[in-house]
There are 2 protein chains.
Amino acid sequence: MEHPTRPRPAAPAARQASLREHNLALVARAVLDAAAPPSRAAVAQATGLTRPTVSTLVDRLLRARVLDELPPEQRRTAGRPAVPLVPAARTLVGMGLEVDVDFVGARVLDLAGNVVAERIDPGQLHDAPPQETLARLGEIARRLTDDVVRAGMTLAGAQLALPGLVDVHRRRLQVAPNLGWSSLDPVPLLGLPSSLDVGVANEANLAGLAQLRPADRSTTASSFLYVSGEVGIGAAVVLDRELYLGLHGWSGEIGHLPVDPNGPRCRCGATGCLEQYAGKDAILRAAGLAPSDPLAALRDLLDDGDAPALAAVGAAGRALGRALAATINLLDLDTVLLGGIYTDLAEDLRPAVRDELDARVLATPWSPTDLRAAPVADRAALTGAAQVVLRGVVDDPARFCEA
Amino acid sequence: MEHPTRPRPAAPAARQASLREHNLALVARAVLDAAAPPSRAAVAQATGLTRPTVSTLVDRLLRARVLDELPPEQRRTAGRPAVPLVPAARTLVGMGLEVDVDFVGARVLDLAGNVVAERIDPGQLHDAPPQETLARLGEIARRLTDDVVRAGMTLAGAQLALPGLVDVHRRRLQVAPNLGWSSLDPVPLLGLPSSLDVGVANEANLAGLAQLRPADRSTTASSFLYVSGEVGIGAAVVLDRELYLGLHGWSGEIGHLPVDPNGPRCRCGATGCLEQYAGKDAILRAAGLAPSDPLAALRDLLDDGDAPALAAVGAAGRALGRALAATINLLDLDTVLLGGIYTDLAEDLRPAVRDELDARVLATPWSPTDLRAAPVADRAALTGAAQVVLRGVVDDPARFCEA
DNA sequence: CGGCATAAGTTATTCCATACAACTAATGCG
DNA sequence: CGCATTAGTTGTATGGAATAACTTATGCCG
């Protein structure tokens, strides 16, 4: 059972072995989260465990191929040189899967954060039958799985990102308007071996999680609101590096926040939803482009100072700012990461969004909102999905330790 | 350090003693959450620990006066009769403190949930200087403390509920518009002995937490949105019995969700905020009453079928419904508890709120929203504040075990 | 070049919370 | 009165982690 965050606390039994598992995970996380490859002694320092304890735990993690040793480093100080520890590359890997309106794809990451294998198949998938699309994705997944297994890696699981309401506990898609899908059990349709653990989650939520680990190892905030602007608009609430999922995993449906009750009718039935102002199609249409036009066309218009395009982005920014202000008031976050098409439009959107945030966020005087482009932009959901699998490994490495 | 929920996960050290503490808390919680007083054997069953282990842990909790034994029950079945375990009454107690626009008060609860001591002082406190008001409250607190200590009880801590933006980590009040207070360190102004641990939190958040334990021991949902309608409107997000606090504890500021950008100007600077439609003063004014009129006056008008009153409540319900729909879309909750003045108005508000929820909540087809009056209505924040202290005791009973 | 300080990592021992198994205690039942 | 049954206790074993002492591998200084 892979979940975007660990399963509900439930009733935690508390035997003695839990201690070892807990500390094993603690050590693994310390190595993965470290700024530079730490020695056993440094891990002991960081975790509060003693050096002997860390040693035995590290040995176990080395045998499980969760960690790896680097050659002893040359130090300038006295003392025995440390053996730097790093997450193992190309051993345990996790697979992210995604279906979106214009592609299906899979990406395999290892614990070091490397993309080990990837395959993206573009195509217009709106209203394509789910059986067909998911079978196609399953085929890709199977091929990548074969590749990595042949290369000696162990696939720990997979996570499927879908642009819609996903029940993460039942692994069920309730509805994905932009795909034209509803009431679906997507996992069986992939046709993957049942031994492979496949979780399902919302695309924006997974993309949000991916922001926690930029490829350049720079640090992002550990709490933020990630907004994904696509045809629909989704969001992820991340607090203390944990995703807020809500009851089912449907949290973050920001696209239908009411911006103006007198506004245009939305396909959700209400009027004046955010999506009608700041959704991809809405922006393009307001800028005088067609929904099928590439985003670059809008970029060009903006760079040329085209008035309708500037007006479209301004209106989108104001609407987005209002919706974000409401969200921030409700959730008490101080960082907003602009994802999806908003990443490229960040500088164009900023003034209008800023104005609305400053005017409407109650906490502004004490905690002004940090508004920035999302650091991970390249199909972040795919990366986030794979990371969820790997997070499952790091949170319970005991599963992969035989002795 | 009392917090509405336990402090941030941070870096959990993991020594051997943690195991005992964890299991101690597990056993304590099992007894407190049980539907009927359980035996040691039943606790063992419930927790997954063995009977000998439970026995030693229970002994410790008995010595710490966290638990108590009842006289062995008469059973109809064979076997040695069980000794029922209950939370100890009148031993360890927690104090809730509250300042609101029309009263200051303190309430002391024991682990069994009994109100052990209470003192409410009504008064119009809008624009009263915080030094004075908090000193008054401190005086009450000191008197209650003396009473319970004299009666042999141990006061584990206190928690102060305030109607405003409270930074729970710094224990600081940023702003409380309805009190006319801002930028305040309230705890020192209470003048309580520094040995007493006093936390601070938002009134609506604490009232929301209180809903988890109705006095009649009936079960509420473990996840819900609690809405507190007063002069301002606040909310608490409770997921899996845990309060979502956000970064600072400012979550749940629902009162300034925009309902209609063309609506009346709000003192927050924006226009058409929820508070302008569904705040206590707004409803009373729209019903032709004065803000100072008691709620009963509105009740009478409604019962008489007074048209302006009905219209006022209808408008409030529609506005509230829209704001709640936005909140539910964002947070994925399926239960809304109406608190504050909304409790009494629940049946009057229901139709309009229902309509808006059904129309706007995306998840309605799969998870219709349960809308009901809050089960704990009698100054719930005061109760919730005391419970936060007691929760701290139950989560770490080792603090009170000497041996 | 050899002793010494220093830091990393390991080995041997102790400690302690829990599991396990066997016991005692207190009841109903035939 | 013996027996089955369930609650609770005692005594022993297990196994993680702490502690302290050790080994290893370096830089530094005379």
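In what follows, every chain begins at residue 1, and chains take the letters A, B, ... in the order their sequences are listed. Basis for what follows: all heavy atoms, side chains included, without hydrogens, waters or symmetry-related copies.
- Separation of atoms CZ (A:Arg65) and OG1 (A:Thr154) is listed at 5.5 Å; rounding is to 0.5 Å.
- Sparse packing is recorded around CZ of A:Arg90, with 12 or fewer heavy atoms of other residues, nucleotides or ligands lying under 6.0 Å away.
- Distance, B:Arg60 CZ to D:dT9 P: 14 Å, rounded to whole Å.
- How far CG of B:Asn205 is from CG of B:Leu243: 4.5 Å, rounded to the nearest 0.5 Å.
- The separation between A:Arg40 atom CZ and D:dA25 atom C1' is 14 Å, rounded to whole Å.
- Within the 4.0 angstrom heavy-atom criterion, no nucleotide atom of any strand lies near B:Val54.
- Phosphate contact (OP1/OP2 of C:dA7, side-chain N/O of A:Thr77, threshold under 4.0 Å): absent.
- For the pair B:Asp59 CG and D:dG8 C1', the computed distance is 10 Å after rounding to whole Å.
- For B:Asp68, the side chain to side chain contact (heavy atoms under 4.5 Å, CB included) criterion is met by B:Val86, B:Ala88, not counting sequence neighbours.
- When heavy atoms are screened at a 4.0 angstrom cut-off, A:Thr56 is found touching no nucleic acid atom at all.
- The listed nucleotides are C:dA17, C:dT11, D:dA7; the one nearest the side chain of B:Ala41 is D:dA7.
- Residues that satisfy the side chain to side chain contact (heavy atoms under 4.5 Å, CB included) test with A:Ala386, not counting sequence neighbours, are A:Leu109.
- Between the CZ atom of A:Arg51 and the C1' atom of D:dA25 there is a distance of 14 Å, given to the nearest Å.
- No donor-acceptor pair closer than 3.5 Å links the side chain of A:Asn23 to the backbone N or O of A:Leu26.
- Atoms CZ (A:Arg20) and P (C:dA19) sit 15 Å apart, rounded to a whole Å.
- Nucleic acid contact class of A:Pro52 (heavy atoms, under 4.0 Å, all strands): base.
- In this structure, CD of B:Gln45 is placed 12 Å from P of D:dT6, rounded to the nearest angstrom.
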Please enumerate all protein N or O atoms sitting under 3.5 Å from an N or O of nucleotides 3-6 of chain C, with distances to 0.1 Å.
| residue | atom | partner | partner atom | Å |
| --- | --- | --- | --- | --- |
| C:dT6 | O2 | A:Gly79 | N | 3.0 |

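- Taking the side chain to side chain contact (heavy atoms under 4.5 Å, CB included) definition, one finds that B:Pro52 meets it with B:Thr50, sequence neighbours left out.
- Distance, A:Leu19 CG to C:dC15 C1': 14 Å, rounded to whole Å.
- The CG atom of A:Leu57 sits 14 Å away from the P atom of C:dG9 (whole-angstrom rounding).
- Comparing D:dG16, C:dC20, C:dA26 by their nearest atom to the side chain of B:Thr50 picks out C:dC20.
- Here B:Asn23 does not reach the OP1 or OP2 of C:dA17: none of its side-chain N or O atoms lies under 4.0 Å away.
- Distances shorter than 4.0 Å separate some side-chain N or O of B:Thr53 from OP1 or OP2 on C:dA19.
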Would you list the atom pairs, donor with acceptor, under 3.5 Å between side chains in residues 34-44 of chain A and any protein atom, with sequence neighbours excluded?
| residue | atom | partner | partner atom | Å |
| --- | --- | --- | --- | --- |
| A:Ser39 | OG | A:Ala41 | N | 3.4 |
| A:Ser39 | OG | A:Ala42 | N | 3.0 |
| A:Arg40 | NH1 | A:Glu69 | OE2 | 3.1 |
| A:Arg40 | NH2 | A:Glu69 | OE2 | 2.7 |

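- In terms of heavy-atom proximity, A:Leu206 sits nearest to A:Val388 at CD2-CG2, 3.6 Å.
- With the end axes of the helix from C:dC1-D:dG30 to C:dG30-D:dC1 each set by five pairs, the angle from one to the other reads 20° at 10° resolution.
- Of the candidate nucleotides C:dT18, D:dA17, C:dA8, C:dA8 has the atom lying nearest to any side-chain atom of A:Ala82.
- Side-chain atoms of A:His248 and B:Asp332 include a donor-acceptor pair closer than 3.5 Å.
- Heavy-atom nearest nucleotides on DNA chain D were determined for A:Glu21 and for B:Pro84, and the one closer to the 5' end corresponds to B:Pro84.
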